Number of protein chains: 2
Amino acid sequence: MPRLPQENHGLGALFEQWSANERDLDKCPVRRVLSKIGNRWTTLVPIALSQRPLRFNEIVRAIPDISKRMLTQTLRELERDGLVLRQVFPTKPPTVEYQLTELGKSLLEPIAGLVSWAEATRLEIEQARLVFDRVASDGANA
Amino acid sequence: MPRLPQENHGLGALFEQWSANERDLDKCPVRRVLSKIGNRWTTLVPIALSQRPLRFNEIVRAIPDISKRMLTQTLRELERDGLVLRQVFPTKPPTVEYQLTELGKSLLEPIAGLVSWAEATRLEIEQARLVFDRVASDGANA
DNA sequence: CAGAATCCAATAGGATACTG
DNA sequence: CAGTATCCTATTGGATTCTG
């Protein structure tokens, strides 16, 4: 009996379907989401907002290594995509508060999936690296 | 009754814990995984391998816009992390086959979670963008 | 406080040519 | 076929300065 292709989660099929038409590679849903998640901050900011709404500088303090430039840019994109709601209160100086929308909150779920995968496999990956690096250096010294 | 912080999936707490110590921001498990996923190809290659093992040039054909340089680099990293197994058959010319390890296959699950989130929310996000862009251009023309 | 604007550095990644 | 090596470009993102 020939080994059937192991279809995992339908990801491969979905991906193949779009690889077929070279033209619209960037319309592939897989690539779409990955290019989003790819950005260093577009996931970190929603995580920072996961517990409660924060003001601009509170987010900066929550993510110490983000620059104001990047935070502004990231917040605009998240707002544009409907993941984050921006509210301005006409105080002096102005108070601006950012919070996740329901859509934004829903993103936390798949992200949590990724993070728990990372935690669950951390040791196994570290171990694999040790083995790989040892073999590689053995090869070099042989 | 005061509104309690909405703890979603424990992500925020996990994240805060690491933000506290500025020193080891890059040891934060959240960041670790995101920097991996961040790379354009480190997720695409496992997806391409999800159905069956592929040879080097088969992967290139599956991901038409990857360069040989990037593919080699990506495969080495995946191999190092124990996600991909590389097998050389001493034919002429040599045959090299790449396949996902069990660890590698397990990564497909959280990725699929992300992709199905993207598909489920696609229309809502498009809609949000239309609204945002219209308001923005209204503001510019006012 | 909450940005906008400008300039600059680092990194990711592509194109091409070459090799066993 | 399965890479390696070199060079070059583009994108990402940080630092700094300025403003309402």
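Just so we're on the same page: letters track the sequence lines, and every chain starts at 1. Source: prediction; values computed, not measured.
- R32(B) meets the salt bridge (Lys or Arg N to Asp or Glu O under 4.0 Å) test with no other residue; sequence neighbours excluded.
- Take R55(A) and apply the side-chain hydrogen bond (donor to acceptor under 3.5 Å, both in side chains) test, not counting sequence neighbours, and it matches no residue.
- The list of salt bridge (charged side-chain N to carboxylate O under 4.0 Å, His left out) pairs with a residue in residues 107-124 of chain B, not counting sequence neighbours, reads R122(B)-E126(B).
- Within the 4.0 Å cut-off from OP1 or OP2 of dG3(D), at least one side-chain nitrogen or oxygen of Y98(B) is found.
- Taking Ile, Leu, Val, Met, Phe, Trp and Tyr as members and joining any whose side-chain heavy atoms lie under 4.5 Å apart, directly or through other members, L123(B) forms no hydrophobic cluster with any other residue.
- Under the side-chain hydrogen bond (donor to acceptor under 3.5 Å, both in side chains) criterion, W41(B) pairs with no residue, sequence neighbours left out.
- Take D81(A) and apply the side-chain hydrogen bond (donor to acceptor under 3.5 Å, both in side chains) test, not counting sequence neighbours, and it matches K36(A), R129(B).
- The hydrophobic cluster of L85(B) has no other members, since no ILVMFWY side-chain heavy atom comes under 4.5 Å of it.
- Between the T101(A) side chain and the G82(A) main chain, a donor and an acceptor come within less than 3.5 Å of each other.
- Bounding nucleotides for the chain B contact on DNA chain C, 5' to 3', at a heavy-atom distance below 4.0 Å, are dG13(C) to dA15(C).
- Rounded to 10°, the helix from dC1(C)-dG20(D) to dG20(C)-dC1(D) has 40° between the axis fitted to its first five pairs and the one fitted to its last five.
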#### Entry: Annotated protein contacts, base or backbone, on nucleotides 12-20 of chain D with a non-hydrogen cut-off under 4.0 Å, one of B, S, - each
-BBB-----
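- In this structure, Q17(A) has no side-chain hydrogen bond (donor to acceptor under 3.5 Å, both in side chains) partners at least two apart in sequence or on a different chain.
- Qualifying side chain to side chain contact (heavy atoms under 4.5 Å, CB included) partners for A112(B), counting only residues two or more places apart in sequence or in other chains: H9(A), L11(A).
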